[in-house]
2 protein chains.
Amino acid sequence: MIELEQILKKNNVKPTAMRLLVLQFLLNKKSAISLTDVEDYFVKSDRTTLYRTLKTFVESELAHKIDDGTGITKYALCEENCHCEIETDLHLHFHCKLCNETSCLTDHKIPNISLPKNFIAEDVNLVVKGICNKCNSN
Amino acid sequence: MIELEQILKKNNVKPTAMRLLVLQFLLNKKSAISLTDVEDYFVKSDRTTLYRTLKTFVESELAHKIDDGTGITKYALCEENCHCEIETDLHLHFHCKLCNETSCLTDHKIPNISLPKNFIAEDVNLVVKGICNKCNSN
DNA sequence: TAGTGTATGCAATGGAAGTGCATTAATTTG
DNA sequence: CAAATTAATGCACTTCCATTGCATACACTA
């Protein structure tokens, strides 16, 4: 529990009850989660609060936003010391068409991308869709 | 004009007036366009018809859908003989934060991606965000 | 020409993201 | 410690886009 507080404080986020709970929830999830996922879990809480909690996490580089192409924004905790830098931190995301889960393949960093002259890259999003290992083995 | 018809017929799409016009519009655009873009251009036409026209184009592999992370679906014509295959056809998309335009970098195919064991890739989406060459030179 | 299938237009729905404002909690300051 | 300021939460509401249902119009075929 105290660890959770440390994580928040380290990123300059005040450890409110709600934030601790959401952080815990995120930590327990292996795959990326949507606002609705969080909402369904914390039935008593207000959607807006959860929305803003996630937003806060993203802004303080505790979590990152994932656009997996489903149209529903997903969130996942960043790795330790992540600053969402293109070269070092960004990894690819995998969306499984069967189980509908989106996961971070943190070991698979975004390959180096060469752009045409005068283009400046500030952010890269790489999503692979298909069938994940779990669904494939069934 | 006749060429437009040929394009449609080649992909088994009946060349209605609306479709010819939308196809023309797409041909003239260098960057990807949204449904709203088309709607704004063809003021007299109904949004649904345009929506379905684009949908038809995508289904018949005449155009591809682009999720550039803005939350607004974009469309762009496929290249000649494109079948949206991962290895050969998929290219990266660039979204400029300044001019807000999304463009196909068709010369930049998606780099080969190695996935963990038992993962099957069926589709890949690679979007780079930043500043495009036009905006960068101003 | 009648009939069938496809395309179009209108209306309405649904889902998600986001905002404004009032209320409550927490923190700072006199 | 109390007052005052700031931040977090909860509720209501708005906006925007994607999508669907159904009725009408058009086009092609027998």
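Scope of the values below: all heavy atoms of this structure, side chains included, with no hydrogens, waters or symmetry mates. Lettering follows sequence order; numbering is per chain, from 1.
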Covered region of DNA chain C, 5' end to 3' end, by chain A [heavy atoms, under 4.0 Å] = dA16(C) to dG20(C)
Take Ala17(B) and Arg52(A), find for each the nucleotide of DNA chain C with the closest heavy atom, and name the residue whose nucleotide sits nearer the 5' end.
-> Ala17(B)
Take the protein atom CG of Leu50(B) and the nucleotide atom P of dT19(D), then report the distance between them rounded to whole Å.
-> 15 Å
Nearest-nucleotide comparison on DNA chain D, the residue closer to the 5′ end among Thr53(A) and Ile72(B) | Thr53(A)
Side-chain donor-acceptor pair present, His95(A), Asp123(B), cut-off under 3.5 Å | no
Interatomic distance where CG belongs to Asp68(B) and P belongs to dC17(D) [whole Å] | 13 Å
Please name all residues satisfying side chain to side chain donor-acceptor pair (under 3.5 Å) with His64(B), sequence neighbours left out, ordered by chain then number.
-> His91(B), His93(B)
Judged by modelled atom types alone, do Asn11(B) and Ser60(B) share a side-chain donor-acceptor pair under 3.5 Å?
-> no
From CG of Asp37(B) across to C1' of dC17(D) the rounded distance in Å is 13 Å
Would you find more than 12 non-hydrogen atoms of other residues, nucleotides or ligands less than 6.0 Å from Asp40(B) atom CG?
-> yes
Reckon Thr73(B) touches a base, only the sugar-phosphate, or nothing at all at heavy-atom distances under 4.0 Å?
-> sugar-phosphate
Protein-nucleotide distance (Asp46(B), atom CG; dG21(D), atom P), rounded to Å = 16 Å
Should the pair Lys129(B)-Glu122(A) be classified as a salt bridge under the 4.0 Å nitrogen-to-oxygen rule?
-> no
What is the nucleic acid contact for Thr16(B), judged by heavy atoms within less than 4.0 Å: base, sugar-phosphate only, or nothing?
-> sugar-phosphate
Remember a base hit wins even if backbone is also touched, and classify Arg19(A) as base, sugar-phosphate or nothing at under 4.0 Å, heavy atoms.
-> sugar-phosphate
Only one of Leu26(B), Leu21(B), Leu50(B), Thr49(B) passes side-chain contact (heavy atoms from CB on, under 4.5 Å) with Val38(B), and that residue is Leu50(B)
Ion pair check, Lys109(A) and Glu79(A), cut-off under 4.0 Å = yes
Can you check the Tyr51(A) OH to dT14(D) P distance for me, whole Å?
-> 18 Å
Leu54(B) CG - dT19(D) P separation (whole Å) | 11 Å
Round to a whole Å and report the spacing from CD of Glu59(A) to C1' of dA8(D).
-> 14 Å
